[in-house]
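To start, the structure itself, in structure tokens.
Since the model is a prediction, treat every value here as computed from it, not as a measurement. If you read the sequence from its start, that first residue is 1, and numbering goes on from there.
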Amino acid sequence: MLIEAEAAFLSLDKERNNPELLNQIFRIAHNLKGTSQAVGFDQMAALTHVAENLILKIQNSEVETTDSVVSLLLEFNDMVVKMIEGLKDDLSATFQIEDIVEKLNKAVNGELSNTETDQQHTTPPSSNDDRFEEMTAPAKSQLDSQITTEQVQKWRRL
């Protein structure tokens, strides 16, 4: 699901107003929130709840899908991956989510500036990324084909 989420967020950079894509992203966030709540991962549920609110605002055209918003959604995805990896090792692990929750809330309120997005994305993900080890060859090919030269250039500017 997380690979699907990251690919969807990357696609959002090209298809910012695609209702099917926005519905897919909302469903991913909603399912992640519900699953997190069901198993007692309160921090993940809280984080995904705020991201879900942002995605809903985007769907309703209340928040514009800017480069900063796309970058923030990718940062959110990275945090979820980090949390899942940490929870695999320790089910009682806690994470520092305050900064990203604050950015997501700013985005929900239309207050996110371009300088507030995380600068950690210096290179775009590709099928060579360790997180994609279990992907099938067709899925890897699809992910690589979705990442355009333009996206790579934007990614490096962030």
Side-chain angles (χ1 to χ4, degrees), residues 1-88 90-125 129 131-132 143 146-148 150-158:
M1 175 167 56
L2 294 175
I3 293 169
E4 178 185 349
E6 187 163 29
F9 292 140
L10 287 169
S11 294
L12 187 61
D13 192 33
K14 282 189 337 190
E15 303 175 53
R16 294 184 180 203
N17 297 314
N18 179 335
E20 288 180 31
L21 180 60
L22 290 169
N23 285 336
Q24 176 190 8
I25 291 170
F26 182 81
R27 280 191 311 275
I28 291 168
H30 185 73
N31 289 339
L32 185 57
K33 180 185 78 171
T35 302
S36 299
Q37 288 173 327
V39 296
F41 296 151
D42 296 335
Q43 276 193 310
M44 189 174 302
L47 176 63
T48 55
H49 176 72
V50 179
E52 184 183 48
N53 287 342
L54 174 58
I55 296 161
L56 188 59
K57 290 260 187 168
I58 294 168
Q59 282 182 302
N60 294 333
S61 301
E62 296 173 39
V63 170
E64 185 181 349
T65 312
T66 63
D67 289 346
S68 294
V69 169
V70 173
S71 180
L72 180 57
L73 289 171
L74 287 164
E75 183 180 345
F76 156 73
N77 189 74
D78 289 346
M79 177 57 80
V80 170
V81 169
K82 178 180 175 181
M83 293 173 84
I84 289 172
E85 291 301 316
L87 290 166
K88 284 181 183 177
D90 178 5
L91 290 176
S92 62
T94 59
F95 305 90
Q96 199 284 330
I97 62 168
E98 291 78 14
D99 292 343
I100 190 163
V101 167
E102 181 181 343
K103 288 185 218 177
L104 287 165
N105 278 322
K106 282 184 176 184
V108 166
N109 295 322
E111 301 168 352
L112 183 70
S113 70
N114 285 332
T115 59
E116 290 182 279
T117 54
D118 191 7
Q119 300 298 315
Q120 71 181 353
H121 298 291
T122 55
T123 57
D129 191 312
R131 292 174 286 174
F132 303 113
L143 177 64
Q146 289 178 347
I147 300 173
T148 66
E150 181 180 306
Q151 286 173 312
V152 171
Q153 290 169 348
K154 280 185 181 180
W155 197 289
R156 288 192 175 133
R157 284 193 303 260
L158 294 177

Exercise. Could you go step by step and tell me if F95 and L87 meet the side chain to side chain contact (heavy atoms under 4.5 Å, CB included) rule?
Worked result: CA-CA 10 Å; F95 305 90; L87 290 166; 4.0 Å; yes

Problem set entry | Residues E85, K88: salt bridge by 4.0 Å N-O rule |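 Result for this pair is yes, salt bridge flagged.
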
How long is the straight-line distance from [atom2] of [Y] back to [atom1] of [X], given to the nearest 0.5 Å?
X	Y	atom1	atom2	result
E98	Q43	CD	CD	7.0 Å
H49	L32	NE2	CG	13.5 Å
M79	I97	CE	CD1	7.5 Å
I28	T48	CD1	OG1	12.5 Å
L104	L54	CG	CG	6.0 Å

Please give me the minimum heavy-atom distance between [X] and [Y], naming the atom from each residue.
X	Y	answer
G86	A93	O-CB, 4.1 Å
A45	S36	N-CB, 3.7 Å
L112	K103	CD1-O, 4.1 Å
K33	E52	NZ-OE1, 2.7 Å

Residue pair [X] / [Y], side-chain heavy-atom distance below 4.5 Å:
X	Y	result
F41	I84	no
L72	K106	no
V69	E64	no
I55	L73	yes

Exercise. Within a reach of under 6.0 Å around CG of N105, are more than 12 heavy atoms found that belong to other residues, nucleotides or ligands?
Worked result: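 Enclosed.
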
Problem set entry | Other residues, nucleotides, ligands: >12 heavy atoms within 6.0 Å of E20 CD |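 No - once you tally the heavy atoms of other residues, nucleotides and ligands closer than 6.0 Å, there are 12 at most.
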
For this session: Apply side chain to side chain contact (heavy atoms under 4.5 Å, CB included) to V70 and T65, showing your working.
Result: CA-CA 7 Å; V70 173; T65 312; 3.7 Å; yes

For this session: Output yes when a side-chain donor or acceptor of S71 lies under 3.5 Å from a complementary backbone atom of D67, and no otherwise.
Result: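 Here the side-chain-to-backbone pair does not exist.
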
Exercise. Quick one: salt bridge (charged side-chain N to carboxylate O under 4.0 Å, His left out) partners of E62, sequence neighbours excluded?
Worked result: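 So E62 forms a salt bridge (charged side-chain N to carboxylate O under 4.0 Å, His left out) with K57.
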
Problem set entry | By side chain to side chain contact (heavy atoms under 4.5 Å, CB included) - contacts of L21 (at least two apart) |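 In terms of side chain to side chain contact (heavy atoms under 4.5 Å, CB included), with neighbours along the sequence ignored, L21 is linked to A8, S11, L12, E15, N18, Q24, I25.
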
Exercise. Who are the side chain to side chain contact (heavy atoms under 4.5 Å, CB included) partners of D42, not counting sequence neighbours?
Worked result: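 For D42, no residue satisfies side chain to side chain contact (heavy atoms under 4.5 Å, CB included) once neighbours in sequence are set aside.
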
